[in-house]
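These numbers were taken from a predicted model, which means no experiment stands behind them. To find a chain, count down the sequence lines: A is the first, B the second, and so on, and within it residues start at 1.
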Number of protein chains: 2
Amino acid sequence: MKKHDQDYMKLQNRRTVFGIIKQQHPISRAAIAKQTGMSPTTVSRIVGELTELGYLVESEQVAAAGLGRKSTLIGLADGSVLSIGIELDRHFMSIGILDLQGNVICSDKRVRPAEEDLEETLRRIGAAIEELVRHHAIDRTRVVGIGIGLPGIVNNDKGGVVFSVQLGWKNVPLAERLKELTGYEVAVDNELKVRALAEHLKGAAIGSRRTALLGFGNGVGSALILEGEVYRGDMNSAGEIGHTTVDPNGMMCECGKAGCLQTYITIRSLLSEANQIRPIQTIEEVFEARQAGERWAIHLIDRALDYMAIAINNLVCMYNPDSVILSGELPDRFPGIHEEIEARCSSHFVWEPLRGSFRFHHSELSEWGVVIGSGLLSQNRFFQL
Amino acid sequence: MKKHDQDYMKLQNRRTVFGIIKQQHPISRAAIAKQTGMSPTTVSRIVGELTELGYLVESEQVAAAGLGRKSTLIGLADGSVLSIGIELDRHFMSIGILDLQGNVICSDKRVRPAEEDLEETLRRIGAAIEELVRHHAIDRTRVVGIGIGLPGIVNNDKGGVVFSVQLGWKNVPLAERLKELTGYEVAVDNELKVRALAEHLKGAAIGSRRTALLGFGNGVGSALILEGEVYRGDMNSAGEIGHTTVDPNGMMCECGKAGCLQTYITIRSLLSEANQIRPIQTIEEVFEARQAGERWAIHLIDRALDYMAIAINNLVCMYNPDSVILSGELPDRFPGIHEEIEARCSSHFVWEPLRGSFRFHHSELSEWGVVIGSGLLSQNRFFQL
DNA sequence: ATCATTAGTCCAATGGTGAAAATAATAGGA
DNA sequence: TCCTATTATTTTCACCATTGGACTAATGAT
């Protein structure tokens with residue numbers, strides 16, 4: 001447990017106040033005081049300090065209260081703090097510059113040669129940042145850091161990539177290297193974990209305290225928000241739903257086990273299965289074949305969705321979240337998937353009262369979720385949140 | 001996020017100091033200061049207050065330090081605080097009185113008529129407490145409360161039993177009723193959650209921050225310790241591993257799904273399956289039959305253990321704990337099960353470095369785990385931990 | 001205009017914590 | 001034995017975040 005002294009107390013209170021403003025801005029001091037239970041004095045002081053630092057502004061507007069003096073609303077000083085969010089994938093790299101609200105000010109997405117080596121990737125990242133900053137005349141002094149989300153297992157604390165099949169990396173001190181190169185502070189995390197963070201703060205799961213985000217496309221994975229925090233697990237590999245068994249008599253996975261979820265629901269596996277029937281290039285063709293009533297395609301995709309539902313059911317049983325978010329290339333490109341999975345699941349969850357206010361969500365930030373999450377991660381690091 | 005003021009700060013610091021003493025007693029003030037980073041002044045004050053309140057004592061002994069003044073060790077004042085822990089099950093009720101260290105001072109276990117109704121159960125609990133207290137001349141003023149662990153879904157906050165198949169209860173305000181009856185504060189929780197708490201504080205998972213406890217016997221379930229806290233989930237039903245699917249083509253579960261874990265590994269299901277071969281009364285006979293090489297028994301139990309391993313694998317993938325604890329009637333009565341499951345699992349966990357220091361544990365508190373956990377729960381409530 | 005009501009600021013009091021100094025205890029020499 | 005270096009604990013005191021209450025500001029209702 002952490003040591004509590006006055007400094008820590010102050011920091012915590014600043015966190016809560018800042019957090020509330022980020023979520024509910026513009027908002028009055030009085031409202032913050034009411035919500036937090038802090039005295040108006042304290043709220044005033046904190047807001048004052050943050051204003052002094054340039055992060056907040058008193059907006060001209062006043063709240064339309066029923067009675068009494070109107071409150072002056074506090075808002076975020078956009079542009080006062082910027083951060084760079086990067087999504088790094090096998091085949092592409094997305095980059096965006098975010099403001100305090102998590103808005104993407106400007107962005108860029110470019111392909112990444114599949115076999116690009118580490119040094120080259122680092123160079124390219126540096127160049128991409130340089131270009132974006134210059135092209136959009138970004139004030140460098142406002143940029144507080146870089147966040148990177150990537151597929152694989154990441155040591156968020158140290159900013160090292162432990163292992164990434166997709167990028168072909170193993171024990172890469174990414175944060176360290178990129179900090180040397182760019183001079184900015186660098187935070188690194190798994191792509192789904194930052195995506196979950198983004199959806200939690202700005203997207204589908206605002207206000208939720210226990211959410212599971214599933215991502216499926218080229219791979220399949222998940223990330224958990226527990227008690228409002230990203231849950232990382234003992235070795236930073238929590239959420240590995242892809243190697244969860246959904247059918248003990250199923251197909252062999254490359255990991256040596258039978259019936260791992262990732263054997264069924266990833267684009268790669270769907271395509272490879274489809275190609276045993278007839279030559280097929282893209283996942284769209286598979287869905288078209290299904291639409292056209294071709295048996296094999298119906299079976300292939302139904303099976304995948306069935307197994308996905310099983311995995312979700314298992315997850316919900318274990319974690320009892322208040323919401324599940326579906327995201328990734330597959331649900332993005334085939335929105336119908338969402339309802340199909342939801343329908344399969346809802347017949348599963350056991351007892352009515354236990355569902356509580358459980359909800360399925362579709363990712364709201366989809367394509368830019370990882371970039372936004374990475375950028376927010378970096379901001380949070382800066383603010384010691 | 002919580003409001004931080006001086007009171008809260010003080011409370012938190014007291015919690016950490018008290019927590020350390022509970023785990024590492026006897027220990028010196030200086031050592032506590034070093035561990036927590038607090039100033040010696042603060043530690044001294046807190047220890048002083050807790051001593052004043054009678055919870056701590058200075059033991060006469062001094063530490064064998066290398067050089068300098070020896071430290072006076074602080075220990076728990078046993079008997080200063082007592083609590084009553086109760087395990088309530090379909091067929092029996094266990095009760096114990098615990099001291100601060102979590103030692104069971106005295107205890108009692110008695111059968112519970114299967115169809116006993118709520119009022120009768122309440123009366124019996126009251127009587128059992130009365131008897132135990134009187135018989136062992138327990139100082140009533142020292143008892144700070146009662147903790148109860150039971151199978152089913154419990155609203156730990158309000159102390160209500162939402163649903164318990166085994167006890168036949170639904171929406172029973174247990175804490176409220178029992179407080180009326182006994183006058184003591186009452187805390188209620190799911191049996192496996194308190195058992196996990198007990199193992200975390202006093203048993204196999206001391207020092208672990210992320211543990212999963214599995215319990216299997218008449219039912220099967222699990223409980224999670226995340227970041228050192230019992231994880232309860234949105235509707236208090238986290239850990240429902242019994243309705244996790246382990247084989248989509250498996251047997252129908254009473255919940256309507258196919259292949260739930262509880263269809264395979266519970267004593268009840270094993271017996272019912274066994275009886276389709278030949279009349280069998282007890283689970284021992286099944287294991288004996290297996291020992292004797294009878295095919296059906298080998299298959300039945302192997303299948304159960306295989307599925308158990310799958311469920312554990314799934315759990316470990318999702319939650320990446322540093323340890324898993326096996327507990328319950330089955331592993332207690334057939335210790336070999338433990339190694340068999342472990343062997344099946346260890347071939348599963350994917351990548352060596354990710355295992356970290358992962359360990360399998362056998363429950364150390366076995367039969368009294370729930371009683372101890374319940375008692376500790378009650379104490380923690382009292383100390384506002 | 002006056003009053004009731006709400007927002008926000010100013011000021012003094014409270015009280016937990018930390019730093020430093022004082023005191024205590026101890027081992028190892030000289 | 002006495003002195004010194006070292007570590008443990010207590011004492012003293014200053015610091016400062018928070019709070020409560022007094023006060024000012026603003027606004028709608030009467």
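The side chain of S28(A) places no N or O atom within less than 4.0 Å of a non-bridging phosphate oxygen (OP1 or OP2) of dA7(C). One finds a side-chain N or O of T72(B) lying less than 4.0 angstrom from the OP1 or OP2 phosphate oxygen of dT9(D). Considering only side-chain N and O atoms, S71(B) lies nowhere under 4.0 angstrom from the phosphate OP1 or OP2 of dA8(D).
Aromatic ring orientation, H4(A) versus Y8(B): perpendicular (interplanar angle above 60°, classes split at 30° and 60°). Using cut-offs of 30° and 60° on the angle between ring planes, the pair F383(A) and Y55(A) is perpendicular.
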**Request:** Carefully, step by step, assess R45(A) and E49(A) under the rule salt bridge (charged side-chain N to carboxylate O under 4.0 Å, His left out).
**Result:** CA-CA 6 Å; R45(A) 186 191 51 73; E49(A) 283 177 11; 2.7 Å; yes
**Asked** Are L56(A) and V47(A) close enough, and set up right, to give a side-chain contact (heavy atoms from CB on, under 4.5 Å), and what steps lead you there?
**Response** CA-CA 7 Å; L56(A) 301 179; V47(A) 168; 4.2 Å; yes
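Contact between Q24(A) and Q35(A) at its shortest, heavy atoms only, is OE1-NE2, 2.7 Å.
Distance CD (E49(B)) to P (dG15(C)): 13 Å, rounded to an integer number of Å. Here the P atom of nucleotide dT7(D) and the CG atom of L73(B) are 17 Å apart, to the nearest Å. Atom pair K70(A):NZ and dG28(D):C1' shows a separation of 9 Å (rounding to whole Å applied). The separation between R69(A) atom CZ and dA29(D) atom P is 18 Å, rounded to whole Å. Computed from coordinates, the D7(A) CG to dC16(D) P distance equals 9 Å when rounded to whole Å. Rounded to an integer number of Å, the gap from R29(A) CZ to dA7(C) C1' is 9 Å. What separates CZ of R45(A) from P of dC11(C) is a distance of 16 Å, to the nearest Å. Per the geometry, CD1 belonging to I46(B) stands 13 Å off C1' belonging to dG18(C), to the nearest Å.
Distances from the side chain of K3(B) to the nucleotides dT19(D), dG18(C), dA27(C) place dT19(D) closest. Checking dG8(C), dC10(C), dT7(D) against every side-chain atom of A30(A), the shortest atom distance belongs to dG8(C).
Nearest-nucleotide mapping onto DNA chain C: of M38(B) and K34(A), the residue sitting toward the 5' end is K34(A). Judged by closest nucleotide on DNA chain C, S44(A) is the one of Q6(A) and S44(A) placed further toward the 5' end.
Non-hydrogen atoms lying under 4.0 Å from DNA chain C are contributed by M9(B), K10(B), N13(B), all within residues 8-26 of chain B.
Counting only distance, with no hydrogens or angles, the side chain of S83(A) and the backbone of Q379(A) share no donor-acceptor pair below 3.5 Å.
Between D139(A) atom CG and L82(A) atom CG the span is 7.5 Å, to the nearest 0.5 Å.
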